[in-house]
Amino acid sequence: MRKLSDQEIERRKSLEALKEMGIDPYPPEGWQLSHTSEEIKAQFRQGAELGEVSLAGRIMARRIMGKASFVVLQDHRGKIQLYVARDILCPGEDKTLYNEVFKKYLDIGDIIGVRGEVFATRTGETTVRVKELKLLAKSLRPLPIVKVDAEGKVHDAFTDPELRYRQRYVDLIVNPHVREIFIRRAKIIASIRKYFDSRGWLEVETPILQPVYGGASARPFITHHHALDIDLYLRISNELYLKRLLVGGYEGVYEIGKMFRNEGMDRTHNPEFTLLEMYVAYRDYHWMMEMVEDLLEYVTTQTTGSTTISYGGHTIDFKGPYKRMSMSEAIRQYSGYDIRSMRTEELDQACRQLGIAPEKGWTRGKYIDELFEATVQPHLIQPTYITDYPIELTPLAKKHRSEEGLVERFELFVAGKELANAYTELNDPIDQRQRLEEQARQRAAGDEEAMQLDEDFLRALEYGMPPTAGLGLGIDRLTMLLTDQHAIQEVLLFPQMKPERPHPKSETEHANNQ
RNA sequence: GACUCGGUAGCUCAGCCGGUAGAGCAACGGCCUUUUAAGCCGUGGGUCCUGGGUUCGAAUCCCAGCCGGGUCACCA
């Protein structure tokens, strides 16, 4: 058995004592709720006659003063103070409920239901005078105790990232601002759905397990299907499936879902992350830029109340229209290099001067991409569209209608980070085949991240896909921006972690010895 | 992957010029019927991340490993 701490032993003793008194520490029947803590406080402040209220939540603090006590109860909307007085809780002769159950056997962390009237204390705090109290779930582990003083200063904050991410449930209990992040995340996603649905675009689900992975450049996770005896890949992108649906005749489709990329992890990368992908027929990337402006204005207003947000000390305004620059203009403006007239050797030299070490096999497009990342990207704080990318980097976008060697693509940059990526989609099946065959050659030459040739996707395109604008937008990054968080782990409920090493004296070991 | 910082009580941390551990909160016992970082008196609680090494003696010094943070690299 895992060695229990003194506090855990104490709580288990209380649990047994309660059972002996005939109190079920985990009763099945629940508790009728009349209000949330937030509703009680708001309505009482406005002078409402609340009468008796009934609420439930977790004990977060206890201040016992003999025959009366104050309790801080936390529910999903906030905290409220309870006043538990012996003779109000136990009007008769039997004071067991107060003296024994409440004072001795309840702890911080226990979940209780209470009923009583609302009043204001001497100091004016809205408080529930408890007439009825019931244990709903006993907590066997002590919580980290976070205290906030009169000036609002937080003491002993629970901040260790390892503990917070591994035990997110504890983080959510004791850190209200963390709960808020995930409420906002849900609002962001809900508002995107609302916006798309109102335009008649169809939300779809496409396979996560794919026999051929494509639509992006990344190493996949591989798994195995036993009945079929084939390897399957966790999708790195759903792009090729959504395009099949445009071939099928839907004129607007979108999917919000997890993608999986088997690459490094850091504060901006998690192996699984949430991407919005959407495709609309008979549109091009110019239209898409306007749509994204409109969408982001809507989402920011719906979730934050304004188009203006604060991110890492910058004030960022999502009100459109956003600045637009072609990639070559942007590089000229920020670095002085005119890549359009530069030969590959000159690009190589320019990169070396900037401290970038080129690798053999780099295409012209790769050099340009590197130059861009080093010289331009960090400066793009306000939402900015960078347009017209080198063709080599973008096998699924349509060739530029007037510029040789470029494709009709834009990326949206905010706070120096890529937020969205969009194309006028390539719907010429012959061109698409050539470009994917080029990718296949790069794979054969050892580029693990070049795309696989998806014959069924090409077959679909051969039936004819309408001209289409497509968009990918990182939901995690958008959430980071709208919550002023700088690590992806802060906007994922359960970020990927290395497993905890089982302790030598583990619980399972004990089980085996029993 | 490289470098770097960290891992000590349930939590937040101190101790780290080597002499086998401390504080606050939490817990336990007591007092207290409007407190709010409640207060007062008393008490208990530790594989000092793991494994080696140096030493009469290691939380402390050295080596290796594990986990996490940061920076860089890789990576649309």
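Everything numeric in this text was worked out from a predicted model, so none of it was measured. All heavy atoms count here, side chains included; hydrogens, waters and symmetry mates do not. Numbers restart at 1 for each chain; the letters A, B, ... are given by sequence-line order, proteins then strands.
In summary, the aromatic rings of A:Phe372 and A:Phe413 are positioned with their centroids under 6.0 Å apart. Aromatic rings from A:Tyr83 and A:Phe70 are positioned such that their centres are separated by under 6.0 Å.
Which of B:C67, B:U33, B:G10 sits closest to the side chain of A:Asp87 comes down to B:U33. Here the nucleotide nearest the side chain of A:Asp149, chosen from B:U34, B:A37, B:G68, is B:A37. Relative to the side chain of A:Arg409, the nucleotides B:U34, B:A76, B:C32 differ in distance, and B:A76 lies closest. When distances run from any side-chain atom of A:Arg261 to the nucleotides B:U33, B:C67, B:A76, the shortest one goes to B:A76. Each of B:C11, B:A76, B:U34 was ranked by its minimum atom distance to the side chain of A:Leu163; first place goes to B:C11. If you check B:U33, B:U34, B:C11 against the side chain of A:Arg86, the one that comes closest is B:U33. Comparing B:U12, B:A73, B:C67 against the side chain of A:Arg166 picks out B:C67 as the nearest. Of all nucleotides listed (B:U33, B:A76, B:C75), B:C75 comes nearest to the side chain of A:Glu263. Counting only heavy atoms from C-beta on, A:Glu418 has its side chain closest to B:A76 among B:U33, B:A76, B:G68. Closest to the side chain of A:Lys3, from the set B:G46, B:C75, B:U34, is B:G46.
Within the cation-pi definition used here (under 6.0 Å to the ring centroid, within 45° of the axis), A:Arg62 qualifies as a partner of A:Phe102. A cation-pi arrangement is absent between A:Arg86 and A:Tyr98, since the terminal nitrogen or guanidinium carbon is not both under 6.0 Å from the aromatic centre and inside a 45° cone about the axis.
Residues A:Lys67 and A:Ala157 each lie close to RNA chain B; by heavy-atom proximity, the contact nearer the 5' end of the strand is made by A:Ala157. In terms of position on RNA chain B, the residue among A:Ser5 and A:Thr127 whose nearest nucleotide sits closer to the 5' end is A:Ser5.
Between A:Tyr322 and A:Tyr385, the ring planes lie tilted relative to each other; the angle falls in the 30° to 60° range.
Among the protein residues, A:Arg219 comes within range of no part of the nucleic acid, since none of its heavy atoms lies under 4.0 Å from any strand. Looking at heavy-atom distances under 4.0 Å, A:Asp160 makes contact with sugar-phosphate atoms alone, never a base. Using a 4.0 Å heavy-atom cutoff across all strands shown, A:Glu8 reaches no nucleic acid atom at all. Using a 4.0 Å heavy-atom distance criterion, A:Tyr423 is classed as a base contact. Counting any heavy atom pair closer than 4.0 Å across all strands shown, A:Gln81 reaches a base atom. At the heavy-atom level, A:Ile88 lies nowhere under 4.0 Å from the strands shown. The residue A:Ala218 sits apart from the nucleic acid: no heavy atom pair falls under 4.0 Å.
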* Hey, mind stepping through A:Glu8 and A:Arg11 against salt bridge (charged side-chain N to carboxylate O under 4.0 Å, His left out) and telling me if it holds? -> CA-CA 5 Å; A:Glu8 289 176 293; A:Arg11 282 170 184 241; over 6 Å; no
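Contact annotation: side chain of A:Arg63 to base of B:U35, donor-acceptor pair present below 3.5 Å. A donor-acceptor contact under 3.5 angstrom links the side-chain atoms of A:Tyr83 to the base of B:U33.
Across all strands shown, B:G24 forms a Watson-Crick or G-U wobble pair, both distances under 3.5 Å, with B:C11. Here B:C72 sits opposite B:G1 as a Watson-Crick or G-U wobble pair (both hydrogen-bonding atom distances under 3.5 Å). Summarising the base pairing, B:C32 is matched to no nucleotide, lacking a Watson-Crick or G-U wobble pair whose two defining distances lie under 3.5 Å.
Salt bridge A:Glu16/A:Lys13: absent, no basic N to carboxylate O contact under 4.0 Å.
Look at A:Arg267 and you won't find any side-chain N or O under 4.0 angstrom from OP1 or OP2 of B:G69.
In this model, no donor atom of one side chain and acceptor atom of the other lie less than 3.5 Å apart for A:Arg58 and A:Ser139. Donor-acceptor pairing under 3.5 Å is lacking for the side chains of A:Thr36 and A:Asp75.
Rounding to whole angstrom units, CZ of residue A:Phe158 and P of B:G10 are separated by 14 Å.
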Readout for nucleotides 20-30 of chain B: B = base within 4.0 Å of protein heavy atom, S = sugar-phosphate only, - = neither; 5' to 3' it is ----BSBSS--
